[in-house]
Amino acid sequence: MKDMKTILCLSLALLLMGCNAKNAKTSIGDSMNRAQLADTKAADEPADNVSLPATATLADQNGDFQLFLNVEEAASEDAVAQVTSVWLVNKKTGVVRKLLVSNPDADLQWEKMKDNNAITVPIEQVAAADKACFVPGDEGVILVEGCPEARNIWTYFIDVNRMTAKQFPSTEGLIRFDENNRQVVLGSYRYHDEGGRYSVEKTFSYDGVFQSEVIGEDE
């Protein structure tokens with residue numbers, strides 16, 4: 001009888017140990033599943049829903065959106081141009097989008113723009129972003145420009161929905177918009193054969209097609 005009681009006690013102990021091990025395994029599995037679910041939710045979060053840096057400054061705004069610029073790296077003796085990020089904030093929803101970061105080492109594109117039309121460049125090839133503003137009459141497009149090499153101002157149109165960029169063949173930046181005709185007037189300069197420099201005003205369609213130019217005064 002004593003041996004029978006011993007056997008029963010041992011059996012009960014083994015049964016309890018098995019149940020505890022199963023419960024522990026289930027608990028660990030549940031924890032891993034919760035962690036994986038959290039990772040999945042984090043991955044599903046919209047990449048645009050980020051926080052605006054406290055150092056960002058307002059560049060322009062319209063009824064629905066605000067544009068901000070933030071200096072990521074200041075210019076130095078080794079780097080002529082600063083590195084600047086461009087941010088778009090939806091006033092109604094509060095969603096913040098980091099559109100781009102300027103790249104002072106962007107490839108030179110002047111040779112590709114000899115026909116006087118704007119060309120498409122990768123968004124990573126926007127050389128400078130010292131200024132940004134909305135293009136009037138063309139919702140979803142902004143103008144970004146800056147001086148990456150202490151000489152010429154490089155001007156871009158950025159489509160914030162398609163995330164594409166067009167660089168314009170101009171060297172002195174924005175003069176004005178003509179919203180009614182969907183045109184932009186940009187400044188440039190040229191050199192006289194005998195020496196000396198003079199200004200040129202170039203007009204482009206919003207699509208980047210050259211329309212006309214006006215020769216200005218000597219500089």
Side-chain angles (χ1 to χ4, degrees), residues 57-60 67-86 99-138 141-160 164-219:
T57 58
L58 181 66
D60 195 16
L67 269 179
F68 286 84
L69 299 177
N70 187 61
V71 177
E72 305 285 338
E73 294 180 25
S76 64
E77 294 181 358
D78 298 327
V80 175
Q82 65 186 20
V83 177
T84 307
S85 53
V86 181
L99 298 178
L100 63 93
V101 178
S102 66
N103 175 13
D105 297 321
D107 298 332
L108 296 175
Q109 306 289 348
W110 307 115
E111 290 295 321
K112 300 178 182 178
M113 294 186 284
K114 283 189 173 181
D115 63 354
N116 262 342
N117 294 323
I119 63 169
T120 300
V121 297
I123 202 77
E124 298 82 9
Q125 289 291 311
V126 173
D130 303 330
K131 173 183 177 180
C133 64
F134 292 102
V135 174
D138 201 338
V141 178
I142 65 172
L143 177 145
V144 171
E145 63 183 15
C147 186
E149 23 82 308
R151 182 180 180 183
N152 299 308
I153 297 175
W154 300 21
T155 302
Y156 306 85
F157 270 18
I158 311 296
D159 187 317
V160 301
T164 56
K166 289 181 180 178
Q167 183 175 353
F168 285 79
S170 65
T171 54
E172 294 193 319
L174 175 67
I175 296 177
R176 62 184 176 275
F177 290 107
D178 181 350
E179 181 179 355
N180 292 332
N181 293 311
R182 293 178 55 80
Q183 294 177 339
V184 58
V185 181
L186 304 174
S188 285
Y189 63 83
R190 293 192 190 129
Y191 291 96
H192 293 291
D193 293 338
E194 63 276 13
R197 197 168 85 167
Y198 61 96
S199 62
V200 181
E201 289 188 6
K202 294 182 177 181
T203 300
F204 301 88
S205 69
Y206 278 3
D207 294 328
V209 178
F210 174 74
Q211 303 295 305
S212 62
E213 67 180 25
V214 176
I215 304 301
E217 300 178 351
D218 289 354
E219 296 181 350

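Side chains are part of it too, since the values below use all heavy atoms of this structure and drop only hydrogens, waters and symmetry mates. Note that this is a predicted model, so its numbers are computed, not measured.
- Of the inter-residue distances, the one linking Thr203 atom OG1 with Asn181 atom CG reads 9.5 Å to the nearest 0.5 angstrom.
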Could you walk me through whether Val71 and Val83 satisfy the side-chain contact (heavy atoms from CB on, under 4.5 Å) test, starting with their C-alpha distance in whole Å, then the side-chain angles of each, then the deciding distance to 0.1 Å, before giving a yes or no? CA-CA 6 Å; Val71 177; Val83 177; over 6 Å; no

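- Tyr156 meets the ring-ring contact (aromatic ring centres under 6.0 Å, His included) test with no other residue; sequence neighbours excluded.
- A 6.0 Å sphere centred on CD of Glu217 holds no more than 12 heavy atoms belonging to other residues, nucleotides or ligands.
- Taking OG of Ser205 as the reference point, atom CG of Asp178 lies at 11.5 Å (rounded to 0.5 Å).
- Distance check, rounded to the nearest 0.5 Å: CG of Leu186 to CD1 of Ile153 gives 10.0 Å.
- The distance from atom CG of Asn103 to atom OG1 of Thr84, rounded to the nearest 0.5 Å, is 11.5 Å.
- Every residue meeting the side chain to side chain donor-acceptor pair (under 3.5 Å) condition with Thr155, not counting sequence neighbours, appears here in chain and number order: Glu145.
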Please evaluate residues Val185 and Gln183 with respect to the criterion side-chain contact (heavy atoms from CB on, under 4.5 Å), reporting the C-alpha separation (whole Å), side-chain torsions for both, the decisive distance (0.1 Å), and the verdict. CA-CA 7 Å; Val185 181; Gln183 294 177 339; 5.8 Å; no

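- A donor-acceptor pair under 3.5 Å links the side-chain atoms of Asp60 to the main chain of Phe134, judged by distance alone.
- With Asp138 contributing its side chain and Arg182 its backbone, the two residues share no donor-acceptor pair below 3.5 Å.
- What you find for Ser188 and Ser170 is that their closest heavy atoms are OG-CA, 3.1 Å.
- Pairing each heavy atom of Cys147 with each of Ala128, the nearest pair is N-CB, 3.8 Å.
- Between Phe204 and Phe210, the angle of the ring planes goes over 60°, which puts this pair in the perpendicular group of the 30/60° scheme.
- For Leu100 against Ser102, the heavy-atom pair with the smallest separation is CD1-N, 4.0 Å.
- In this structure, Ile158 and Ala165 approach most closely via the heavy-atom pair CD1-CB, 3.5 Å.
- The two residues Ala59 and Ala132 make their nearest non-hydrogen contact at CB-O, 3.6 Å.
- Across Leu108, Val144, Thr171, Val126, a single residue satisfies side-chain contact (heavy atoms from CB on, under 4.5 Å) together with Trp154, and that is Leu108.
- Atom CD1 of Ile119 is separated from atom CD of Glu111 by 11.0 Å, given to the nearest 0.5 angstrom.
- Remark: the backbone N or O of Asn117 is paired with a side-chain donor or acceptor of Asp115 at under 3.5 angstrom.
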Using the side-chain contact (heavy atoms from CB on, under 4.5 Å) rule, take Lys131 and Leu174 through it: C-alpha gap first, then chi angles, then the decisive distance, then the call. CA-CA 10 Å; Lys131 173 183 177 180; Leu174 175 67; 3.8 Å; yes

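- The shortest distance between side-chain heavy atoms of Lys166 and Asp207 falls below 4.5 Å.
- Of the possible polar contacts, one joining the Gln125 side chain to the Asp107 backbone as a donor-acceptor pair under 3.5 Å is found.
- For the residue pair Glu179 and Tyr206, the shortest heavy atom distance occurs at CA-OH, 3.8 Å.
- Between the side chains of Ser85 and Glu72, at least one donor N or O lies within less than 3.5 Å of an accepting N or O.
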Please walk me through it: do Asp130 and Gln82 pass side-chain contact (heavy atoms from CB on, under 4.5 Å)? CA-CA 8 Å; Asp130 303 330; Gln82 65 186 20; 3.7 Å; yes

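- The distance from the CD1 atom of Ile175 to the NZ atom of Lys202 is 11.0 Å, given to the nearest 0.5 Å.
- For the pair Val135 and Phe157, the minimum side-chain heavy-atom distance is below 4.5 Å.
- The closest side-chain heavy-atom distance from Leu69 to Val86 is below 4.5 Å.
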